[in-house]
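First the structure, in the form of structure tokens, and then the observations on it.
Computed from a prediction, not measured in an experiment: that's the story for all the values here. Convention: sequence-line order gives letters A, B, ...; per-chain numbering from 1. Every heavy atom of this structure was used, including side-chain atoms; hydrogens, water molecules and symmetry mates were not.
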Protein chains: 2
Amino acid sequence: MVSREKELPQVNSCIRLFADQEQIQGYKETLDEIEDVFARLAQVYALAGNDARLKILYLLGQQNELCPCDLSDILQMTVPAVSQHLRKLRDAHLVRTRKTGQTIFYSIMPDQANVIDQLFIHIPNQKSVAV
Amino acid sequence: MVSREKELPQVNSCIRLFADQEQIQGYKETLDEIEDVFARLAQVYALAGNDARLKILYLLGQQNELCPCDLSDILQMTVPAVSQHLRKLRDAHLVRTRKTGQTIFYSIMPDQANVIDQLFIHIPNQKSVAV
DNA sequence: ACTGTATTTAAGCAAATACTTAAATATTAA
DNA sequence: TTAATATTTAAGTATTTGCTTAAATACAGT
């Protein structure tokens, strides 16, 4: 029980010497307002945060479409492993599929192309992106 | 044992009907050349792929510096939890520290500011970034 | 109908994550 | 020196991740 809790009940960790209390409260509210934006951003980055998936997104950005089989060859990993990564990307609506015979072609979801291109903006020889 | 393996020994998964074999080989080599770039990118995105860490990076981008204690208040999580996230960010050289008394201020590592600003380019009211 | 190919799904498992609580460290002030 | 504060570190744990292998599904050609 510390006396300052009487005037600042929302403070519960440390006695701040430097921080501006109002500003802190303001940041809390800002983060609350765009909570869903952050949630989506974190989801995209979590997916891009895996080496195999990052490369898949890169390759799909370069090539129009690729099948799990090709990706398996390029990335040198088993087809089921690739398929499971593709499923996560599709669940997050980052890629879409087109079926022709027994082949399933994966491509970048058009309305997510900007977000995905941004991921590779620091890659050398990367095509420029309209934001 | 399939006959085509004699002329294309590096192919080991599926019989491709559509893909250009040379192009596939080309992508393998390209990915090999920039393997370390992808590794670093994936590392950054994996770190940004956590909601708490993404917010920490955002807040540090807005404010010049913040201590674990303030972040704990803003994010409404325990101090050790925040501290462990900050450690990961520091291990990856995304943030740095400055000590004053018993307070440790965290701030964005200057040479990583561009990479980090890029993470939030789709956030509304985000300041523009020089790439 | 049978075989082969492309893909997904399921089950199992080792490793990584992200928290928790408790203890250790460092600094400041009484 | 003692007490309080800020922070980190350690240990424990539940959950998630990312692969593996095997099985299931779907389609095409013979």
Between [options], which nucleotide gets closest to the side-chain atoms of [X]?
X	options	result
R87(A)	dT8(C), dT9(C), dT20(C)	dT9(C)
M77(B)	dT20(C), dT8(C), dC19(C)	dC19(C)
K99(B)	dA26(C), dT7(D), dT20(D)	dA26(C)
C67(B)	dT7(D), dT7(C), dC27(D)	dT7(D)
Q84(B)	dA18(C), dT20(D), dT20(C)	dT20(C)

Atom [atom1] of [X] and atom [atom2] of [N]: how far apart are they, to the nearest Å?
X	N	atom1	atom2	value
L75(A)	dC19(D)	CG	P	10 Å
F105(A)	dT8(C)	CZ	P	12 Å
E65(A)	dT7(C)	CD	P	12 Å
R98(A)	dA6(C)	CZ	C1'	15 Å
N50(B)	dA18(C)	CG	P	5 Å
K88(B)	dT17(C)	NZ	C1'	6 Å
D91(B)	dT9(D)	CG	P	9 Å
Q43(B)	dA16(C)	CD	P	14 Å

Mutual orientation of the aromatic rings belonging to F120(B) and Y58(B) [parallel < 30°, tilted 30-60°, perpendicular > 60°] = perpendicular
inquiry  = Taking any heavy-atom pair under 4.0 Å as a contact, classify R90(A): base, sugar-phosphate, or nothing.
reply    =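 The residue R90(A) makes no contact with any strand.
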ask   = Would you say the side-chain atoms of Y106(B) pair up with the backbone N or O of I56(B), donor to acceptor, closer than 3.5 Å?
value = no
key: Step-by-step side-chain hydrogen bond (donor to acceptor under 3.5 Å, both in side chains) determination, Y27(A) to Q63(B)   = CA-CA 10 Å; Y27(A) 279 130; Q63(B) 198 80 358; 2.9 Å; yes
inquiry  = Between dT25(D) and Q102(A), counting only base atoms on the nucleotide and side-chain atoms on the residue, is there a donor-acceptor pair under 3.5 Å?
reply    = no
inquiry  = Is a donor from one side chain sitting under 3.5 angstrom from an acceptor on the other, for Q43(B) and R40(B)?
reply    = yes
task = Mind running side-chain contact (heavy atoms from CB on, under 4.5 Å) on E22(A) and Q25(A) for me, showing each step along the way?
result = CA-CA 5 Å; E22(A) 278 185 34; Q25(A) 187 57 31; 5.6 Å; no
Within less than 4.0 Å of OP1 or OP2 of [N], is there a side-chain N or O belonging to [X]?
X	N	result
Y106(A)	dA6(C)	no
T78(B)	dT20(C)	yes
S83(B)	dT8(D)	yes

message = Pick the closest DNA chain D nucleotide for P80(A) and for R53(A) by heavy atoms, then say which residue is nearer the 5' end.
response =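 The residue closer to the strand's 5' end, by nearest nucleotide, is R53(A).
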